[in-house]
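By convention here, the first residue in the shown sequence is residue 1. If you're wondering where the values come from, they're calculated on a predicted model, not measured in any experiment.
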Amino acid sequence: MTSTSSETRPFRAADLGTLAVMAFSGEVPDGDMPYLLAYSLGDSEVGPEGTSAAIKQLLSDNGLPIGDRLVDGSRHPSLPLTLLVEAGQAVVTMPSYLHAQCVAPPEWLAAVGERGYAYFLFATRAWPDAAPGKPVAPESLAAFAGDEETLLSAAHVLLPARSLRS
């Protein structure tokens with residue numbers, strides 16, 4: 001007989017694997033939307049499933065719901081998630097142990113400058129094909145970020161953009 005433990009494991013940052021953030025923009029009815037996609041390569045010692053569980057725990061521990069609920073960060077000043085846009089870079093910070101930055105394309109910078117926020121999607125699904133520093137084909141990005149399984153198992157946040165000058 002086998003049993004499953006319902007006990008929650010202590011959070012281990014190493015279980016997240018390699019985390020990456022990607023900035024891109026997309027056309028929506030009212031103009032360009034700046035998106036930030038955070039994801040793991042699923043390369044931790046606990047594998048893709050363990051990585052997914054660790055990300056779910058991280059999001060839950062920080063009050064970020066998973067699913068189709070959109071959190072408006074401007075209405076939650078205590079949200080433990082920030083976005084700094086400076087010198088062509090997007091820097092996302094969660095609690096003190098988690099920081100990620102990426103180079104933002106000019107169209108993303110223009111869109112975030114106009115809107116004042118980015119649509120942040122933190123995927124719990126691993127995406128091993130999108131290694132940091134390697135180009136990602138638009139079709140591959142659309143297939144992953146637009147996949148229903150990715151969207152329904154992710155946290156969705158409208159994240160206000162800050163700069164050192166504001």
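Considering only heavy atoms from C-beta on, Trp127 comes within 4.5 Å of Val136 through its side chain. A heavy-atom distance below 4.5 Å is not found between the side chains of Gln57 and Arg12. When side chains are defined from C-beta on, Leu121 does not count as touching Tyr35, because their heavy atoms never get closer than 4.5 Å. Between Val92 and His99 the shortest side-chain heavy-atom distance does not fall below 4.5 Å. Contact annotation: the side chain of Leu37 approaches that of Leu141 to within less than 4.5 Å [non-hydrogen atoms, C-beta and beyond]. Contact check for Leu19 versus Leu16: side-chain heavy atoms found under the 4.5 Å cut-off. The side-chain heavy atoms of Leu84 and Thr93, taken from C-beta on, include no pair separated by under 4.5 Å. Contact of the Pro80 side chain with the Met94 side chain is not registered, since no non-hydrogen atoms from C-beta on lie closer than 4.5 Å.
A donor-acceptor distance shorter than 3.5 angstrom exists from the side chain of Thr150 to the backbone of Phe144, with no hydrogens or angles considered. The main-chain N or O of Thr18 is found under 3.5 Å from a side-chain atom of Asp43 such that the two form a donor-acceptor pair. Judged by distance alone, the side chain of Ser52 and the main-chain N or O of Pro48 form no donor-acceptor pair under 3.5 Å. Checked by atom type and distance alone, the side chain of His156 pairs as donor or acceptor with a backbone atom of Leu151 at under 3.5 Å. Between the Asp72 side chain and the Ser74 main chain, a donor and an acceptor come within less than 3.5 Å of each other.
Transitive grouping of hydrophobic side chains (ILVMFWY, heavy atoms separated by less than 4.5 Å) brings Met33 and Leu70 into a common cluster. Under a hydrophobic-cluster definition in which Ile, Leu, Val, Met, Phe, Trp and Tyr are linked whenever side-chain heavy atoms come within less than 4.5 Å, directly or via other members, Leu64 and Leu58 are assigned to the same cluster. Note on Leu41: it clusters hydrophobically with Phe24, by side-chain heavy-atom contacts below 4.5 Å among ILVMFWY residues. Under a hydrophobic-cluster definition in which Ile, Leu, Val, Met, Phe, Trp and Tyr are linked whenever side-chain heavy atoms come within less than 4.5 Å, directly or via other members, Leu59 and Val71 are assigned to the same cluster. Taken together through direct or relayed side-chain contacts under 4.5 Å among Ile, Leu, Val, Met, Phe, Trp and Tyr, Tyr39 and Leu98 form parts of separate hydrophobic clusters.
Remark: the Asp15 side chain and the Ser44 side chain contain no N/O donor-acceptor pair separated by less than 3.5 Å. Counting only N and O atoms by type, the side chains of Arg125 and Ser153 include no donor and acceptor under 3.5 Å apart.
Residue Leu81 holds its CG atom at 12.0 Å from NE2 of His76, rounded to the nearest 0.5 Å. If you take CE on Met22 and SG on Cys102, they are separated by 8.5 Å, rounding to the nearest 0.5 Å. The OG1 atom of Thr124 sits 6.5 Å away from atom CD1 of Ile55, with the distance rounded to the nearest 0.5 Å. Rounded to the nearest 0.5 angstrom, Phe122 CZ and Ser40 OG are separated by 8.0 Å.
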Determine, step by step, whether Tyr119 and Leu158 satisfy the side chain to side chain contact (heavy atoms under 4.5 Å, CB included) criterion, reporting the C-alpha distance in whole Å, the side-chain angles of both residues, the deciding distance to 0.1 Å, and the verdict. CA-CA 5 Å; Tyr119 191 117; Leu158 292 179; 3.8 Å; yes
Between Val85 and Arg162, does a side chain to side chain contact (heavy atoms under 4.5 Å, CB included) hold up when you go through it step by step? CA-CA 6 Å; Val85 179; Arg162 295 180 175 93; over 6 Å; no
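A pairwise comparison of heavy atoms in Tyr117 and Val112 identifies O-CG2, 3.4 Å as the closest pair. In terms of heavy-atom proximity, Ala118 sits nearest to Leu83 at CB-CD2, 3.8 Å. In plain terms, the two heavy atoms of Ser25 and Asp32 that are nearest each other are OG-OD2, 4.4 Å. Nearest approach of Ala123 to Ala154, heavy atoms of both residues: CA-CB, 3.9 Å.
Salt bridge status for Arg115 with Asp30: present, with a side-chain N to carboxylate O gap under 4.0 Å.
By the 6.0 Å contact criterion, CD on Glu27 is enclosed, its count of non-hydrogen atoms from other residues, nucleotides or ligands being greater than 12.
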